[in-house]
Undergrad: 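Quick one: the structure is below, and I'll ask about it shortly.
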Protein chains: 2
Amino acid sequence: MIQKPEYTQTWFCISANLRKACRAVTQFYSEVLLPAGVEKTQFTLLVTISMIGQPTITDLTDALLMDQTTVTRSIHLLKAKGWVTSAVGTDKRTRLVTLTESGDQVVAEAFGLWQEAQGQMVSGLGQADADRLLELLEKAISVTQRG
Amino acid sequence: MIQKPEYTQTWFCISANLRKACRAVTQFYSEVLLPAGVEKTQFTLLVTISMIGQPTITDLTDALLMDQTTVTRSIHLLKAKGWVTSAVGTDKRTRLVTLTESGDQVVAEAFGLWQEAQGQMVSGLGQADADRLLELLEKAISVTQRG
DNA sequence: TCGCTTTACATGTATATACATGTAAAAGGA
DNA sequence: TCCTTTTACATGTATATACATGTAAAGCGA
């Protein structure tokens, strides 16, 4: 029962389809990561922290294109779980975030599981399409950034 | 300062990149939809309701690949805003969701704005890449569904 | 028809996310 | 140095999202 035929255009909404895929794919990865006791988004944060070494909140905001308040709150969670600590930097406005030993272990364990999920996803898509998808996501982001 | 070189693999995480793009693109559309006073995700729901006509919660769950509880809560919000009503169906377990007149108007108004956002996005990507992106998102979803 | 199973929602709880705004520290100019 | 502006975070509030679980109605077999 289509009431307004032109509304069918919205089936091709880039945003809605991205969100839909996001929900499905996030759950897929989350299930695989479950045994490590870490959420998908938390894992991304932890790995990013591990790679940067001692990022500030702003560093993470830039790396993940997340709102600063979102990063702050996520870090609080990670602190509550004992996976990271934060200290005031030389610039006393900043907070330097560091993985704890426990956080290090969680990342190491989750990394193996992540590789599984990623492997399944990439082989399901095919390497070429996986690459192409990442490219297009990047391109979509750049469209939003240049206003 | 890379601590564990193998962790750089996670830069290619399909899930993380999807989420990142999702955040950026959702904000892009949301800004355009702002004048209509409707959130991006709410717009998607409203349009879907408009097109199906009188969906149940389950119909919406299937159409949007959302968790049932997420749909239930979103519908509550739409009801609070006076954009939809729900009634018990013939099968008394179901709830039939219908747009109110006010909801109809909001959709109509937001649809125009959505077309703008979508137009900018598609022209930014190029029609071919936009199509390809939707295809790949669909493919990614299908990979998650066949477990 | 009775009782068990399944289905369709609703609720409690927790994380993810962002906007508006507040606070403190750094930066810069007079 | 003092004052204004900018920067880096934190907090209040609201929506988005899902898992575990609860409840009521429908389906179904004996």
Side-chain angles (χ1 to χ4, degrees), chain A residues 15-16 18-31 33-34 37-46 54-62 64-81 83 86-97 144, chain B residues 15-16 18-31 33-34 37-46 54-81 83-84 86-97 144:
Chain A
S15 174
L18 258 174
R19 294 185 78 82
K20 187 170 158 183
C22 207
R23 286 191 293 270
V25 171
T26 295
Q27 274 185 263
F28 180 75
Y29 279 72
S30 285
E31 273 170 37
L33 286 178
L34 209 60
V38 63
E39 297 286 323
K40 179 68 204 64
T41 53
Q42 297 173 355
F43 172 66
T44 303
L45 253 178
L46 290 172
Q54 206 172 40
T56 64
I57 302 288
T58 300
D59 290 337
L60 295 170
T61 294
D62 294 341
L64 301 170
L65 281 192
M66 271 186 194
D67 190 88
Q68 170 258 311
T69 61
T70 304
V71 173
T72 296
R73 294 244 159 79
S74 303
I75 294 297
H76 281 327
L77 268 176
L78 298 182
K79 281 168 78 170
K81 288 173 186 290
W83 293 332
S86 72
V88 175
T90 309
D91 177 340
K92 283 173 184 162
R93 291 170 303 177
T94 62
R95 303 286 177 274
L96 301 177
V97 181
T144 68
Chain B
S15 174
L18 259 174
R19 294 185 77 84
K20 187 171 159 183
C22 209
R23 285 190 293 270
V25 172
T26 295
Q27 275 186 266
F28 180 77
Y29 279 73
S30 285
E31 273 170 36
L33 286 178
L34 209 61
V38 63
E39 297 286 322
K40 178 70 206 62
T41 53
Q42 297 173 354
F43 172 67
T44 303
L45 253 178
L46 290 172
Q54 207 172 40
T56 63
I57 301 288
T58 300
D59 290 337
L60 295 170
T61 295
D62 294 341
L64 301 171
L65 282 191
M66 270 185 194
D67 190 87
Q68 170 257 309
T69 62
T70 303
V71 174
T72 295
R73 294 243 158 80
S74 303
I75 293 297
H76 282 328
L77 267 178
L78 299 182
K79 282 168 78 170
K81 288 173 186 289
W83 293 333
V84 306
S86 73
V88 175
T90 309
D91 177 339
K92 283 174 186 164
R93 293 169 303 177
T94 62
R95 303 285 178 276
L96 300 177
V97 181
T144 68

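These values consider heavy atoms only, across backbone and side chains, with no hydrogens, waters or symmetry-generated copies. Just so we're on the same page: letters track the sequence lines, and every chain starts at 1. Source: prediction; values computed, not measured.
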Undergrad: Can any side-chain N or O of B:Arg23 pair as donor or acceptor with the backbone N or O of A:Leu64 at less than 3.5 Å?
TA: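 At least one qualifying donor-acceptor pair exists.
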Undergrad: Pick the nucleotide of DNA chain C nearest each of B:Glu31 and A:Glu39; which residue has the one closer to the 5' end?
TA: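 Nearest nucleotide further toward 5': that of A:Glu39.
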Undergrad: Sequence neighbours left out, what passes side-chain contact (heavy atoms from CB on, under 4.5 Å) with B:Ser74? Give chain and number order.
TA: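 Listed in chain order: B:Leu45, B:Thr70.
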Undergrad: Between A:Leu77 and B:Gln27, who's closer to the 5' end of DNA chain C by nearest nucleotide?
TA: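 Per heavy-atom nearest nucleotide, the more 5' residue is A:Leu77.
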Undergrad: Which heavy-atom pair separates A:Leu46 from A:Trp83 by the least distance, and what is that distance?
TA: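 Scanning both residues completely, I find the closest heavy atoms to be CD1-CE3, 3.9 Å.
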Undergrad: Reckon B:Thr56 touches a base, only the sugar-phosphate, or nothing at all at heavy-atom distances under 4.0 Å?
TA: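 Sugar-phosphate contact only - B:Thr56 comes under 4.0 Å of backbone atoms but never of a base.
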Undergrad: With rounding to the nearest 0.5 angstrom, report the CD to NZ distance, B:Glu39 to B:Lys81.
TA: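 It is 7.5 Å, given to the nearest 0.5 Å.
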Undergrad: On DNA chain D, check which nucleotide each of A:Thr58 and A:Ala24 is closest to and give me the residue with the more 5' one.
TA: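 It is A:Thr58, whose closest nucleotide lies nearer the 5' terminus.
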Undergrad: Give, for atom CG of A:Leu65 and atom CD of B:Gln27, the distance between the pair rounded to the nearest 0.5 Å.
TA: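 So the gap between those two atoms works out to 9.0 Å.
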Undergrad: To the nearest 0.5 Å, how far apart are CZ in A:Arg19 and CZ in B:Arg19?
TA: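 The distance works out to 9.5 Å.
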Undergrad: When rounded to the nearest 0.5 angstrom, what is the spacing between CD in A:Gln42 and CD1 in A:Ile75?
TA: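 If I round to the nearest 0.5 Å, the distance is 10.0 Å.
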Undergrad: So, taking the atom named CZ in B:Arg93 and the one named OG1 in B:Thr56, what distance separates them when rounded to the nearest 0.5 Å?
TA: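 It comes to 10.5 Å.
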Undergrad: Taking heavy atoms of chain A and a 4.0 Å limit, find me the 5'-most and 3'-most nucleotide of DNA chain C within that range.
TA: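 Contact span on the strand: C:dT15 to C:dA26.
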Undergrad: Residues of residues 67-76 of chain A with any non-hydrogen atom less than 4.0 angstrom from an atom of DNA chain C: list those, numerically ordered, please.
TA: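 Residues of residues 67-76 of chain A that come under 4.0 Å of DNA chain C are, in numerical order, A:Asp67, A:Thr69, A:Thr70, A:Arg73.
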